[in-house]
Amino acid sequence: MNSLSGKTIVVAGATGGIGEGITKLLLQHGAKVVALSRSEEKFESLRVYLSGVDTGNLITMQADLDQDQEGSYEVYQRLKERFGGFDGAVVTIGTWGNANRRLIDVSDELWDQTIKDNLTSHFRTLRTLVPLLKTDGALIHLSGLSADGPYPGAGVIGLTNAAKKSLVLTMAAEHESTGPRIYELIIGPIRTRERVARGVARSNWYNPEDLGVFISELIQGDTEAAQKPLHYMIQPGG
Ligand SMILES: NC(=O)c1ccc[n+]([C@@H]2O[C@H](COP(=O)([O-])OP(=O)(O)OC[C@H]3O[C@@H](n4cnc5c(N)ncnc54)[C@H](OP(=O)(O)O)[C@@H]3O)[C@@H](O)[C@H]2O)c1
């Protein structure tokens with residue numbers, strides 16, 4: 001379980017339903033994990049979730065990556081001064097918000113907010129984190145399955161997923177010859193704690209920790225999968 005020993009990995013969205021499970025798995029595999037959140041209070045719930053796990057290698061840091069270039073540079077400098085280069089980065093951010101409606105019913109305000117929360121914030125996060133990675137390091141970005149097809153009833157989310165896929169694969173190609181390695185991981189619905197608590201999680205869905213296992217393999221970089229920038233974790237049957 002110590003396959004990531006000696007590696008330092010930053011997780012953007014570490015307090016989220018998926019991010020907390022990935023954080024747990026990375027810690028269990030021996031990594032030092034730098035968990036980021038915009039809100040200090042959310043770290044409390046992360047620590048409760050992680051009780052029973054050795055958190056000696058967990059560092060929490062309040063940081064907002066969804067900022068203009070000046071604000072992003074301040075976060076970049078804080079991370080650089082404290083940690084130098086990272087071996088890995090995971091980006092599991094975003095929010096559904098009020099986007100549950102047909103495209104024809106999307107207001108200008110909802111459009112702007114959804115693009116900001118689910119596309120601009122991801123671009124800004126990658127723009128900050130990629131230069132912090134060692135050249136042999138790896139960044140894994142998560143997008144939803146609607147990246148690949150129509151998404152009736154929540155199309156504004158679907159189109160941000162499609163754009164994020166393009167964003168990440170382009171960044172991957174732009175760094176192919178120099179490193180770091182950049183991966184897009186497209187996922188179906190996940191058995192987050194919140195979904196389990198609401199009784200809407202199916203037993204065949206992947207757990208956040210399952211994503212963590214695959215992500216730790218990509219960061220280590222010695223599997224066949226690590227040679228390709230695009231990956232899917234969709235539960236059997238859909
Ligand atoms: N859960 C699923 O089944 C599923 C399936 C497919 C795709 N996804 C996608 O995977 C991502 C994570 O999902 P989740 O279920 O873990 O969501 P979640 O529980 O709502 O967590 C989302 C995280 O994103 C961060 N975040 C939200 N907006 C942000 C912004 N503008 N800038 C920076 N950070 C921001 C939040 O961090 P703070 O602590 O800073 O608030 C939070 O920790 C989302 O993009 C979601 O759409 C999820």
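As the structure is a prediction and not an experimental result, all values here were calculated from the model. When a ligand or atom number is given, it counts from 1 through the structure's own listing order.
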Is there a donor-acceptor pair closer than 3.5 Å between any side-chain N or O of Thr170 and the backbone N or O of Leu167?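 Such a contact is absent between Thr170 side chain and Leu167 backbone.
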Between Arg38 and ligand 1, find which residue part has any heavy-atom pair under 4.0 Å and reply side chain, backbone, both or neither.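 It is both backbone and side chain that touch ligand 1.
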Leu142 contact mode with ligand 1 (heavy-atom cut-off under 4.0 Å):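 No part of Leu142 is near ligand 1 at this cut-off.
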At less than 4.0 angstrom from any non-hydrogen atom of [X], what atoms of ligand 1 do you find?
X      : value
Pro189 : 3 (O)
Ser121 : 30 (C), 31 (N), 32 (N)
Gly188 : 5 (C), 6 (C)

Quick one: which of Ala12, Gly97, Gly94, Gly13 has a heavy atom closest to atom 22 (C) of ligand 1?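 Result: the heavy atom closest to atom 22 (C) of ligand 1 is in Gly94.
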Have a look at Ala147, Ser37, Gly144 and point out the one with the heavy atom closest to atom 7 (C) of ligand 1.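 Among Ala147, Ser37, Gly144, the closest heavy atom to atom 7 (C) of ligand 1 comes from Gly144.
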So, are [X] and [Y] salt-bridged, with charged N and O less than 4.0 Å apart?
X      : Y      : answer
Asp66  : Arg38  : no
Arg124 : Asp68  : no
Lys164 : Glu184 : no
Glu194 : Arg198 : yes

Got a protein heavy atom sitting under 4.0 Å from [atom]?
atom                    : result
atom 39 (O) of ligand 1 : yes
atom 36 (C) of ligand 1 : yes
atom 46 (C) of ligand 1 : no

For the residue pair Ser146 / Asn161, report whether a side-chain donor-acceptor contact shorter than 3.5 Å exists.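 Per modelled atom types, Asn161 and Ser146 side chains form a pair under 3.5 Å.
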Looking only at N/O atoms, are Thr95 and ligand 1 under 3.5 Å apart anywhere?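 No, no N or O pair falls under 3.5 Å.
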